[in-house]
Amino acid sequence: MKIITLHKPIATEKLYNHIKDQLNPLFRKQRQSDLEFLVENTPEGIKILQPEFYDGPLYTIAVQDDELWITRNENYVDDVNSVTIESILNLLFDDLSGKLGTDLVEEG
């Protein structure tokens, strides 16, 4: 799990909407691919899935006040789509931090 801080609290719904609205357009632009990802807001966290190609969620993001607890599917760590999504998520998290940046609190 990776934990990052946004330096200000965020509502799960706001994070969910931002990812849902931005992930696929940014992915298409970056990868020049028509692959679409599902973004679901579940009790466990925000899940990013593509059930046609991947078993289970690629990412699960739980909001803990000003921290995001990010679990990445260990089966697809080196997958180019997963790496692209991580890059996009980092940009989206920076947007939501109010341009204060993000800090890695823990990775393991």
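Sorted by first then second residue, the salt bridge (charged side-chain N to carboxylate O under 4.0 Å, His left out) pairs that include residues 18-29, not counting sequence neighbours, are R28-E36. Note on residues 45-75: pairs passing ring-ring contact (aromatic ring centres under 6.0 Å, His included), not counting sequence neighbours, are Y54-Y76. Applying the salt bridge (charged side-chain N to carboxylate O under 4.0 Å, His left out) definition to pairs two or more places apart or across chains, those involving residues 39-48 are E44-K47. For the salt bridge (charged side-chain N to carboxylate O under 4.0 Å, His left out) condition, the pairs that include at least one residue of residues 56-75, sequence neighbours left out, are R72-E86.
Contacts of Y16 classified as ring-ring contact (aromatic ring centres under 6.0 Å, His included), with partners at least two apart in sequence or in another chain: none. Contacts of L23 classified as side chain to side chain contact (heavy atoms under 4.5 Å, CB included), with partners at least two apart in sequence or in another chain: I19, F37, V39, I48, I85, I88. For T60, there are no side-chain hydrogen bond (donor to acceptor under 3.5 Å, both in side chains) partners at least two apart in sequence or on another chain. Applying the side-chain hydrogen bond (donor to acceptor under 3.5 Å, both in side chains) criterion to N41, with sequence neighbours excluded, gives E13. Annotation: side chain to side chain contact (heavy atoms under 4.5 Å, CB included) contacts of P43 (sequence neighbours excluded): none.
One distance of note links CG of D94 with CG of L6; it measures 9.0 Å at 0.5 Å rounding. In this structure, CG on L96 lies 6.0 Å from CG on L15, to the nearest 0.5 angstrom. Between the CD1 atom of I4 and the CZ atom of F93 there is a distance of 5.0 Å, given to the nearest 0.5 Å. For the atom pair OG1 of T71 and CD1 of I3, the computed distance is 9.0 Å after rounding to the nearest 0.5 Å. The distance from the CG atom of L58 to the CG atom of L89 is 10.0 Å, given to the nearest 0.5 Å. With rounding to the nearest 0.5 angstrom, the CD1 atom of I70 is 7.0 Å from the CG atom of N90.
Among all heavy-atom pairs drawn from N73 and D55, the shortest one is ND2-O, 3.2 Å.
In this structure the side chain of L35 reaches within 4.5 angstrom of the side chain of Q50, judged on heavy atoms. Contact check for V83 versus V80: no side-chain heavy atoms found under the 4.5 Å cut-off.
A single hydrophobic cluster is not seen to contain both L26 and L49; linkage of ILVMFWY side chains at heavy-atom distances under 4.5 Å, directly or through other members, places them apart.
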